[in-house]
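Structure, as structure tokens:
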Amino acid sequence: MEKMTPQVRKAVFPAAGLGTRFLPATKAQPKEMLPLVDKPLIQYAVEESVRSGIRDIIIVTGRGKSAIEDHFDVSFELENLLERRNRMDLLASVRRVSDMIDVSYIRQKEALGLGHAVLRARELVGQEPFAVVLSDDVIDAPKPCLQQLLDVYNEYGASVLALMEVPHDRISAYGVVAAEPVAFNGTSDRLYRVSDLVEKPPAHKAPSNLAIIGRYILTPDIFESIEQSQPGAGGEIQLTDALRHLLRTRPIYGYRFEGKRYDAGDKLGFLQATVEFALARPDLGGKFRTYLKSLKL
Ligand code: G1P
């Protein structure tokens, strides 16, 4: 019999954070617009979403974030100029950015936490399952991470979180799950049934080494759970706390995705992503490798 799991069509991109870790670069520029090689961070995340079949994008913005709206909009002057100069390759890459998605924006007036940001998208999402994508987490994977989560969602019809093993001394920077492995698609160490979640626990209280990474498939009942949530870690309305509330009535799964994740919200992670993405570029990789070798580190 056909399963009646509703399709995931929309993805929410929280982008109202202040970007304090990248000051002064983010004083007048959204951190989501910092470029890895020649593409802004948020474009990598949006492209992952498009490659996973989700074109309906909802970006939660705040003050000082208008560059994001301009980036995904049509730029007539620029397109006109490139056309006159016969720069068809650049024209195509600029057009693709605005053509690939249908995008809506909603403002989060105050940065009150990830849960609060997601709740702002409630009207635009409606009563359907949806994805949440944090563009700080850049994930390089042959099968897009979001698609990996969707495969689980399509099987179980329940919320799914991206998970990654993190060393003990880094675990307190993440949402952490307690979870039991479940056999899936011929694997027994990727899919987990979540039994508890805690946001940024001190290392000695972390229930495991499985951290939540910024990709989620959520069922719409999460909105009520967010409404029930009190400020948690850092005084913010946390998505992790709302998931814990949801867990009382609904199963939640976690998937230890295949791929390499960069924490581009952190300076070192950002530099690592920059180097590796540049090395992987056919037009730059060779020369860049030669340059790096010449540094004799
Ligand atoms: C957010 C989430 C956290 C998750 C992390 C992944 O935290 O609240 O649960 O582990 O993203 O990047 P943030 O990094 O925004 O503090």
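For reference, positions follow the sequence shown, starting with 1. Read the numbers this way: they start at 1 and go in the same order the structure lists the ligands and their atoms.
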(request) Check whether any side-chain heavy atom of V103 lies under 4.5 Å from a side-chain heavy atom of I59, and answer yes or no. (result) yes

(request) Answer with yes or no after comparing the ring centroid distance for F223 and F130 against a 6.0 Å cut-off, counting only values under it. (result) yes

(request) Would you please name every residue forming a salt bridge (charged side-chain N to carboxylate O under 4.0 Å, His left out) with R281, sequence neighbours left out? (result) D38, D283

(message) Check this for me: E165, atom CD, are more than 12 non-hydrogen atoms of other residues, nucleotides or ligands nearer than 6.0 Å?
(response) yes

(request) Tell me who clusters with F22, hydrophobic residues only, linked when side chains sit under 4.5 Å apart either directly or through other members. (result) L34, L36, V37, L41, Y44, V138, Y262, F270, F277, L284

(message) Counting only heavy atoms and a distance below 4.0 Å, can you name the residues contacting ligand 1?
(response) L114, L134, D137, Y174, G175, E199, K200, I212, G214, Y216, Q238, T240, R261

What donor-acceptor contacts under 3.5 angstrom involve side-chain atoms of residues 10-20, with partners at least two apart or in another chain?
unit_1	atom_1	unit_2	atom_2	d
K10	NZ	L124	O	2.9
K10	NZ	V125	O	3.2

